[in-house]
Amino acid sequence: MRLFFDARYIRTDFHDGISRYSAELAAAVAAAASGSDVEVTFLIHDDAQRAFLPKDAAVLPFHAPTSVREPFAARILRAHRPDVVFSPMQTIGSAGRRFGLILTLHDTIYYRHRTPPRNLPWYVRVGWRLFHLSYWPQRFTLNAADLVATVSETSARQFAKVRLTKRPVVVIPNAPQRLADLLPGGTAVTDGPVRNLVYMGSFMPYKNVETLVTAMRQLPEHTLHLLSRISPERRAELERGARPGSIVFHDGVTDAEYAALLADHAALVTMSLDEGYGLPVAEALELGVPAVVTDMEIFREVAGGGALYVDPLDPAAVADAVRSLDEPGMRDRLVEAGTAHIRTFSWSRSAQTLLAAAKDLARGAK
């Protein structure tokens, strides 16, 4: 079977969610297919993307996902005779295809928050907003595939609720990277009182970072670390509501710096009002770090018993939950439950799910 994996969404500067999903799943698929009857070819649009793929991976240079040729992608790919094409997004052109097609929709969050990623060209951002004004364009796009993939059971239920596609939906979950591998040799996650609160994520309004900032007024012994890049305007907004000295703005960190911060008497915190998955929560649990998060369905799927769940609009409840981490046995119980739960997510298992789905499609086409 010839499987083409669309790796064009891998970023070469720093990973966003789609980029990390693409890179991690690509590596796991290559490993799972090694020595089997599956031949995997990765579509790339930038030669620098080779560095993020397994060594000696077969690649096919292709146009960028934002190219005007994207609607004709399936017709162009026909000449290369794939059996199945998998894309970690849903926007690859499907008209005229003669192969099995698996498209991915990670979540429905952009129907509730229509601000597109800022790195996209202006014409793509305009189209993005128009696309998400109703479900019909998405239905048309997804129904052009043979199979729709998503990253969580929560997303699959949301698709069904609004009848987003008539195609079968397969869950190919996200999984956390192993941050422990990025810590210096012999370094371990510290025991003892939690004093550092780590937030990894954007500063868009629905991320509700304001609740974390307000909660810090009641946590004089703690420091809130905001890791992601932030505009001067947004930083000034958050500083106006902060207790002096309670926040450290890191304005972007490496994965190794991220791991070191989580390992240092820390808990992961997020009071987001909406999420498609919540990968930082999974990464913290995998490292053996507890979390304090919004009480919502997707976080309960991702974190299980490894987190404390609170009302995201109640700073006092957030502060109470953080203080409770220092109660005897609380942190240990959360870490034990979280570590056990997060083992159910792995890139290897996700790769096997994808390969099984692709093989079924290829057999059905013969």
query: Any side-chain heavy-atom pair from D326 and R195 closer than 4.5 angstrom?
result: yes
Original post:
When clusters are formed by joining ILVMFWY residues with side-chain heavy atoms under 4.5 Å apart, either directly or through shared neighbours, do I230 and L224 land in the same one?
Top reply: yes
Interatomic distance, NE2@H225 vs OH@Y258, rounded to 0.5 Å, equals 13.5 Å
*asked:* Would the distance check show the side chain of D6 and the main-chain N or O of I92 forming a donor-acceptor pair, the cut-off being under 3.5 Å?
replied: no
- Query: Do R98 and R81 have side chains that get closer than 4.5 Å, going by heavy atoms?
  - Reply: no
Side-chain heavy-atom pair V322, L308 within 4.5 angstrom cut-off:
no
The test is side chain to side chain contact (heavy atoms under 4.5 Å, CB included); show your working for L361 and D83 and say whether it passes. CA-CA 8 Å; L361 278 187; D83 293 308; over 6 Å; no
Legend entry - Step-by-step side chain to side chain contact (heavy atoms under 4.5 Å, CB included) determination, L268 to L287: CA-CA 11 Å; L268 189 285; L287 186 60; over 6 Å; no
Heavy-atom closest pair (A74 atom, A95 atom, distance to 0.1 Å) is CB-O, 3.5 Å
Shortest non-hydrogen pair, A215 vs P315, comes out as CB-O, 3.5 Å
Check your understanding: Do I109 and Y206 have side-chain heavy atoms sitting under 4.5 Å apart?
Key -> yes
Taking a hydrophobic cluster as the set of Ile, Leu, Val, Met, Phe, Trp and Tyr residues connected by side-chain heavy atoms closer than 4.5 Å, whether directly or through intermediates, do V198 and Y309 fall within one such cluster? yes
Taking S34 for the side chain and A30 for the main chain, is one N or O donor matched with an acceptor at less than 3.5 Å? no
Using a distance-only test with no angle check, is there a side-chain donor-acceptor pair under 3.5 angstrom linking N143 and T165?
yes
Item to check | Any V293 side-chain heavy atom under 4.5 Å of V302 side chain | outcome: no
Partner of Y21 under ring pair (Phe, Tyr, Trp, His ring centres under 6.0 Å), picked from W347, Y277, F5, F86, is W347
CG (L133) and CD (Q138) are apart, to the nearest 0.5 Å, by 12.5 Å
**S350 (side chain) donor-acceptor with P173 (main chain) under 3.5 angstrom** = yes
Output yes when a side-chain donor or acceptor of R69 lies under 3.5 Å from a complementary backbone atom of H63, and no otherwise. no
Output for pair (F62 CZ, T41 OG1), nearest 0.5 Å, gives 12.5 Å
### Message
Has T294 got a side-chain atom pairing as donor or acceptor with S272's backbone, closer than 3.5 angstrom?
### Response
yes
Item checked: L77 with Y9, same ILVMFWY side-chain cluster at under 4.5 Å -> no
Exercise for review: Could you tell me whether a side-chain N or O of H250 sits under 3.5 Å from a main-chain N or O of S228, the two making a donor and an acceptor?
Suggested key: no
Original post:
Parallel, tilted or perpendicular for H15 and F52, by the 30°/60° rule?
Top reply: perpendicular
Take V281 and L285 through the test side chain to side chain contact (heavy atoms under 4.5 Å, CB included) and record every step on the way to the result. CA-CA 6 Å; V281 178; L285 267 58; 4.2 Å; yes
Minimal heavy-atom distance between M271 and P312, with the atoms involved, is O-CB, 3.5 Å
Query - Aromatic ring proximity Y135/Y111, centre distance under 6.0 Å - result: yes
### Message
Donor-acceptor check, side chain of S94 to backbone of A145, threshold 3.5 angstrom: yes or no?
### Response
no
Does the side chain of T108 come under 3.5 Å of the side chain of Q158 through a donor N or O and an acceptor N or O?
yes
| said: Does R300 form a salt bridge (charged side-chain N to carboxylate O under 4.0 Å, His left out) with D295? I'd like the steps, not just the answer. | reply: CA-CA 7 Å; R300 286 190 176 272; D295 190 357; 2.8 Å; yes
Value for CG (L325) from CG (L334), rounded to nearest 0.5 Å, stands at 6.5 Å
Does one hydrophobic cluster hold both L25 and F42, with members joined at side-chain heavy-atom distances below 4.5 Å? yes
Evaluate the side chain to side chain contact (heavy atoms under 4.5 Å, CB included) criterion for residues L179 and Q177: first the C-alpha distance (whole Å), next the side-chain angles of each, then the deciding distance (0.1 Å), finally the verdict. CA-CA 6 Å; L179 292 175; Q177 62 173 321; 3.6 Å; yes
### Task
May I ask you to decide if G96's main-chain N or O and R78's side chain share a donor-acceptor pair within less than 3.5 Å?
yes
Are any non-hydrogen side-chain atoms of L238 and E210 less than 4.5 angstrom apart? yes
One should read off an interatomic distance between L273 CG and L313 CG, to the nearest 0.5 angstrom, of 5.5 Å
**Request:** State whether F14 and R11 meet the cation-pi test: NZ (Lys) or CZ (Arg) under 6.0 Å from the six-membered ring centroid, and within 45° of the perpendicular axis.
**Result:** yes
Exercise. For the hydrophobic clusters of this structure (ILVMFWY residues joined by side-chain heavy atoms under 4.5 Å, transitively), does one cluster hold both V85 and V148?
Worked result: no
(request) Output yes when a side-chain donor or acceptor of R97 lies under 3.5 Å from a complementary backbone atom of A73, and no otherwise. (result) no
So E297 and R157, do their side chains get closer than 4.5 Å, heavy atoms only?
yes
Tightest non-hydrogen contact, residues A7 and Q49, listed as O-NE2, 3.7 Å
**Asked** If we only count heavy atoms from C-beta on, is the L219 to V318 side-chain gap below 4.5 Å?
**Response** no
Are more than 12 heavy atoms, taken from residues, nucleotides or ligands other than E336, located less than 6.0 Å from that residue's CD atom? no
Rounded to the nearest 0.5 Å, the CD1 atom of I298 sits from the CD atom of E153 at a distance of 9.5 Å
Smallest heavy-atom separation, T104 atom then S87 atom, equals OG1-O, 2.7 Å
Output yes when a side-chain donor or acceptor of Q218 lies under 3.5 Å from a complementary backbone atom of A319, and no otherwise. no
Heavy-atom closest pair (L182 atom, A259 atom, distance to 0.1 Å) is CB-CB, 4.3 Å
From the list L3, L354, V38, L147, side chain to side chain contact (heavy atoms under 4.5 Å, CB included) with V84 holds only for L3
